[in-house]
Amino acid sequence: MNSAKTSILVFSLLFGGALLGKYSSPFLSDEQLRGVQLGVGLLTAMFGLLLSLQLSAGKTYFDSQEQDVTLMASRTVLLGSVLAHYGPEASEAREMLRRKVADLLTHVWPKEPSAASPWIPPDRIGLYDKIEGLAPKDDDQRSKRMLALRMAIDLEQTRWISATRIRSSTAVPLMIVETSWATIIFLSFGLLAPHGVTAIVSLAFFALAVSSGIFLIEEMNRPFTGVLKVSSAPMQEALKSLEQ
């Protein structure tokens, strides 16, 4: 389920619970309503804390993915520069690096226009193996080869770290508990709300505010597929650098 559908479902549950509570309030005594008022305060505080923690965790995760992309792009540019300074013998390794970046842009950001030349499937031989296969002619090329090998390892490590961080969405049990709490809270709000259209409209806006928070949490946990996306600009610039 995508972020929009999740937030719409949450809004429906919250506002539906509020309406149910509002039209059920005449059947409860004043003493029972006072008991509801005491209990909902504690639950509201717990829900607010949980929602804020999820928003903070989602923002941290989204920022970490942005940093990984920027770091990957910078390491790509530096590796391409080292290979270019090695000499024409490293042109195949540099072309393989360019293909890897084009492949990443094609698969991670398929809907964004790319400044790259037409994509070519990468070779089966790994970039590290290609660099390792270089035959240095002097000390300068030997040092650049060793540097390129270390940078290729760092680049691959960054890519794998970013890949292992990817998660599809918030944990389902946590989301179910959070939505259940929010539904109970809005049911209580409906029981305690005064009669009138203003109260109903206010409850609708409150439900919309909470569901929008859920939407943001879901979006930040899908940094490459949702509305809020990690920018491909660093990798686009890295690709332009490799094509020069």
Side-chain angles (χ1 to χ4, degrees), residues 2-3 58-169 219-244:
N2 60 34
S3 305
K59 183 64 167 61
T60 300
Y61 173 67
F62 187 88
D63 289 343
S64 68
Q65 290 289 356
E66 279 193 321
Q67 292 169 5
D68 286 344
V69 170
T70 303
L71 181 60
M72 200 181 308
S74 63
R75 286 180 169 174
T76 299
V77 172
L78 291 175
L79 178 55
S81 178
V82 170
L83 292 174
H85 283 84
Y86 181 93
E89 300 92 336
S91 58
E92 290 185 10
R94 198 165 187 269
E95 174 62 16
M96 181 178 290
L97 178 62
R98 187 201 68 80
R99 292 177 182 177
K100 282 182 173 291
V101 176
D103 178 62
L104 181 68
L105 287 168
T106 301
H107 286 83
V108 179
W109 293 277
K111 296 182 180 180
E112 294 190 14
S114 174
S117 55
W119 178 75
I120 304 173
D123 296 336
R124 293 183 180 273
I125 303 176
L127 177 62
Y128 182 89
D129 294 333
K130 179 68 72 173
I131 298 173
E132 191 177 33
L134 295 174
K137 297 178 181 178
D138 50 36
D139 290 341
D140 182 62
Q141 285 192 338
R142 190 173 295 107
S143 64
K144 285 184 172 59
R145 174 178 171 273
M146 294 301 298
L147 178 59
L149 286 172
R150 289 197 299 269
M151 294 176 72
I153 292 175
D154 292 338
L155 179 60
E156 191 67 14
Q157 182 183 31
T158 304
R159 187 179 72 85
W160 276 106
I161 289 175
S162 180
T164 54
R165 283 177 179 167
I166 292 178
R167 50 192 179 186
S168 60
S169 182
E219 281 295 305
M220 288 187 292
N221 280 285
R222 295 186 175 104
F224 297 104
T225 59
V227 177
L228 300 176
K229 283 186 178 181
V230 171
S231 175
S232 65
M235 298 308 300
Q236 295 278 8
E237 291 300 320
L239 188 60
K240 290 180 183 179
S241 174
L242 291 172
E243 291 181 335
Q244 291 176 355

Q: Return yes if some donor-acceptor pair links the side-chain N/O of Ser162 with the main-chain N/O of Thr158 below 3.5 Å, else return no.
A: no
Q.
Could you check whether Asp139 pairs with Arg142 (Lys NZ or Arg NE/NH1/NH2 to Asp/Glu carboxylate O, under 4.0 Å)?
A. yes
Q: Grab the two heavy atoms, one from Pro234 and one from Ala73, that are nearest each other, plus how far apart they are.
A: O-CB, 3.3 Å
Q.
I want to check something: taking the side chain as every heavy atom from C-beta on, are Glu89 and Gln141 in contact at a cut-off of under 4.5 Å?
A. yes
Q | Minimum-distance pair of heavy atoms, taken over all atoms of Gly58 and Met220 | A | O-CB, 3.5 Å
Q) How close do Ala93 and Ile131 get, heavy atom to heavy atom, and via which atoms? A) CB-CG1, 4.1 Å
Q. Short question: side chain of Trp109, backbone of Ser231 - any donor-acceptor pair under 3.5 Å?
A. no
Q. Do any N or O atoms from the side chain of Ser81 and from the backbone of Leu78 form a donor-acceptor pair under 3.5 angstrom?
A. no
Q.
With rounding to the nearest 0.5 angstrom, report the NZ to OG distance, Lys59 to Ser64.
A. 10.0 Å
Q. Can you tell me how far CZ of Arg145 sits from OH of Tyr86, rounded to the nearest 0.5 angstrom?
A. 7.0 Å
Q | Interatomic distance, Asp138 atom CG to Lys144 atom NZ [nearest 0.5 angstrom] | A | 8.5 Å
Q: Measure the shortest side-chain to side-chain distance between Arg98 and Glu95 over non-hydrogen atoms and say whether it is less than 4.5 angstrom.
A: yes
Q. Can you list every salt bridge (Lys or Arg N to Asp or Glu O under 4.0 Å) pair that touches residues 66-78, not counting sequence neighbours?
A. Asp68-Arg165
Q. When rounded to the nearest 0.5 angstrom, what is the spacing between OH in Tyr128 and CD1 in Ile153?
A. 4.5 Å
(Q) How long is the straight-line distance from CG of Leu147 back to CG of Leu83, given to the nearest 0.5 Å? (A) 9.0 Å
Q. Got a second to check how far Gln67's CD is from Met72's CE, nearest 0.5 Å?
A. 12.5 Å
Q: Could you walk me through whether Glu156 and Arg159 pass salt bridge (Lys or Arg N to Asp or Glu O under 4.0 Å), step by step?
A: CA-CA 5 Å; Glu156 191 67 14; Arg159 187 179 72 85; 2.6 Å; yes
Q.
Please find the pair of heavy atoms, one from Leu79 and one from Ala152, that lie closest to each other, and give the distance.
A. CD2-CA, 4.1 Å
Q: May I ask you to decide whether Arg150 forms a salt bridge with Asp154, counting only side-chain N to carboxylate O separations under 4.0 Å?
A: no
Q: Check step by step if side-chain contact (heavy atoms from CB on, under 4.5 Å) holds for Leu97 and Leu155.
A: CA-CA 11 Å; Leu97 178 62; Leu155 179 60; 3.8 Å; yes
Q. What closest approach, in Å, do Ser232 and Leu105 show between heavy atoms, and which atom pair accounts for it?
A. CB-CD2, 4.1 Å
Q.
How close do Phe62 and Leu228 get, counting heavy atoms only, and between which atoms?
A. CE1-O, 3.4 Å
